[in-house]
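Scroll down for the structure; my scribbles are underneath it.
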There are 4 protein chains.
Amino acid sequence: MIIRIDLESDTPIYNQLTNQIMEGIATGELKPGQALPSVRALASDLGINLHTVNKAYSILKDSGFVQIHRQKGAVVQAGGMPPADLAFEERLERELRPMAAEAVGRGMTEERWLALCRQAFEQLHARREGGTI
Amino acid sequence: MIIRIDLESDTPIYNQLTNQIMEGIATGELKPGQALPSVRALASDLGINLHTVNKAYSILKDSGFVQIHRQKGAVVQAGGMPPADLAFEERLERELRPMAAEAVGRGMTEERWLALCRQAFEQLHARREGGTI
Amino acid sequence: MIIRIDLESDTPIYNQLTNQIMEGIATGELKPGQALPSVRALASDLGINLHTVNKAYSILKDSGFVQIHRQKGAVVQAGGMPPADLAFEERLERELRPMAAEAVGRGMTEERWLALCRQAFEQLHARREGGTI
Amino acid sequence: MIIRIDLESDTPIYNQLTNQIMEGIATGELKPGQALPSVRALASDLGINLHTVNKAYSILKDSGFVQIHRQKGAVVQAGGMPPADLAFEERLERELRPMAAEAVGRGMTEERWLALCRQAFEQLHARREGGTI
DNA sequence: GTGGTCTAGACCACT
DNA sequence: GTGGTCTAGACCACT
């Protein structure tokens, strides 16, 4: 899986990393049980700091997407992904609200808004169909 | 219009403020041409610093939602809100992507995802219909 | 002569007013010896504050473009306009420098830059030819 | 590069700073990719507040002349300066107009006006040719 | 060590 | 009375 870090982005590097790994898991590019690169290897690959990779892995562990074994390192959660529970839905709502508000304020139609939301979701599924080893 | 600031949140105060004013504009609670409180008044109301309010107002000005008259203070943009142009759609896509990825990763169905997206949009329109006293 | 004030502009109103009167003098729309409207009349016409008009007139007086008679009010300088002396050229240079710098930084060609400078100058002369009473 | 701040000037300090850095970029004294001093270092060098430097850097960032890397600090935009697009030309026209008006009002010839405009442009290019040690 | 955010407090220009 | 600018000083996130 190819990860691209934009050092000039406003998004902190550890967030970019977390997001992209989560996308990899969502598309199935990263399979349950699959090992992630070691913190050291990934940091050197991407030319970023050890701590930054570590922080991303910790967040993924805390939200239940990966497990961290003392020896094997980080592994994509094998038995059951974390559920889309109420707490997650509430967070989603909280994050969607300001985006929807700006869309409404700019006069975007509900159809266009939903089309963009659908597109964001289906792009991940599409990649899931394709399948990369 | 009631504004609530969560000092514990890790969303910066000026962002919380910007978002809520944008919601007010989206729902129509804040009418085009309507005056916003002066930076000093709002800051003291919310118990925050005047510079923090100032930053929120500046962002709203730069994105075209309010006008700042040097002596009269800030008023909601009267003639034509900023359009939902390509740049905005691209930003929206960029922001929706990681949220969709986490939803997919957590096994949320596309139906549920779209329901939440629709809900976020329609809640604003609903409030718009309702009208404020 | 028609004066338009943009209350939403970043340029202070007294500057807008000063500039437009100076343009009127430059194009000849305002003739030497011609009386300007009274402070009171102009302020009420434009819907702005007395003090604001007063400040504009004072600046024009200080730079030698108008004379202020206690009874007749403000009159366009009759006997000889203020010269484009060294002090003025130095001020011009100081103001042109940052604009030229940004133009160069943005890759504008010298031809284009000079075309815009020429245009700004000739538009005033063109209006001078036409002549409005 | 030597930066001089005039605390007496009525041009805000952050504008003086922005202008001088832009001149540095225009002349090539500041090379693409080159690091600017940290806000703290420059502020202490110039004897001004760090927030003032911050504001100048933010303006340069927003207009595309520098990039701000959260931890590395500010660097001159490397890949492609912001273009001299229509919006910039319109701004230039708006700023040139009152200067041209005053020049005409003071009886400056078009030749002299253009000579000063050319000089402002070429002085930057000249410095560019020269090269800095 | 870097910029980002926030506070507190001041003076000024504009109206 | 309004926003604009500036200072001084603090804590935090990121690396």
Problem - Atom-pair distance (CD on Q71(D); C1' on dA13(F)), nearest Å - result: 7 Å
Handout entry: Comparing R40(B) and K61(D) on DNA chain E - which has the more 5′ nearest nucleotide
Key = K61(D)
Fill in the blank from the handout: When G73(B) and P12(D) are each assigned the nearest nucleotide of DNA chain F, the 5'-most assignment goes to G73(B)
Practice task
Compare side-chain N and O positions of Y14(B) against OP1 and OP2 of dC6(E) and report whether any pair is under 4.0 Å apart.
Solution key: no
Exercise for the section: Considering just the side-chain nitrogens and oxygens of T52(D), establish if one lies under 4.0 Å of OP1 or OP2 belonging to dT7(F). Expected result: yes
Fill in the blank from the handout: Rounded to whole Å, the CD1-P distance (I68(B) to dT5(F)) equals 11 Å
Practice task
For H51(A) and dT2(E), give me the distance from atom NE2 to atom P, rounded to whole Å.
Solution key: 17 Å
Practice task
Check whether any side-chain nitrogen or oxygen of N49(A) sits under 4.0 Å from OP1 or OP2 of dC14(F), and answer yes or no.
Solution key: no
Practice task
Please report, rounded to the nearest Å, how far the P atom of dT7(F) is from the CG atom of L17(D).
Solution key: 11 Å
Completion exercise
Here the distance between atom P of dA10(E) and atom CG of L50(B), to the nearest Å, is 13 Å
Problem - Opposite nucleotide pairing with dG9(F), Watson-Crick or G-U, both atom distances under 3.5 Å - result: dC6(E)
Fill in the blank from the handout: Nearest heavy-atom contact between L60(D) and M22(D) is CD2-SD, 4.0 Å
Handout entry: Interatomic distance where CG belongs to L60(B) and C1' belongs to dG3(F) [whole Å]
Key = 15 Å
Practice task
Report yes if a side-chain nitrogen or oxygen of N54(D) is closer than 4.0 Å to either non-bridging phosphate oxygen (OP1 or OP2) of dG3(E); otherwise report no.
Solution key: no
Exercise for the section: Mind calculating the distance between CD1 (I48(B)) and C1' (dC6(E)) to the nearest angstrom? Expected result: 10 Å
Exercise for the section: Could you tell me whether R97(A) and E93(A) make a salt bridge, using a distance below 4.0 angstrom between a side-chain N and a carboxylate O? Expected result: no
Handout entry: Below 4.0 Å: OP1/OP2 of dT5(F) and any side-chain N or O of K55(D)
Key = yes
Practice task
Rounded to the nearest angstrom, tell me the gap between atom CD1 in I5(D) and atom C1' in dC6(F).
Solution key: 13 Å
Exercise for the section: Please state whether the phosphate of dG1(F), meaning OP1 or OP2, lies under 4.0 angstrom from any side-chain nitrogen or oxygen of S38(B). Expected result: no
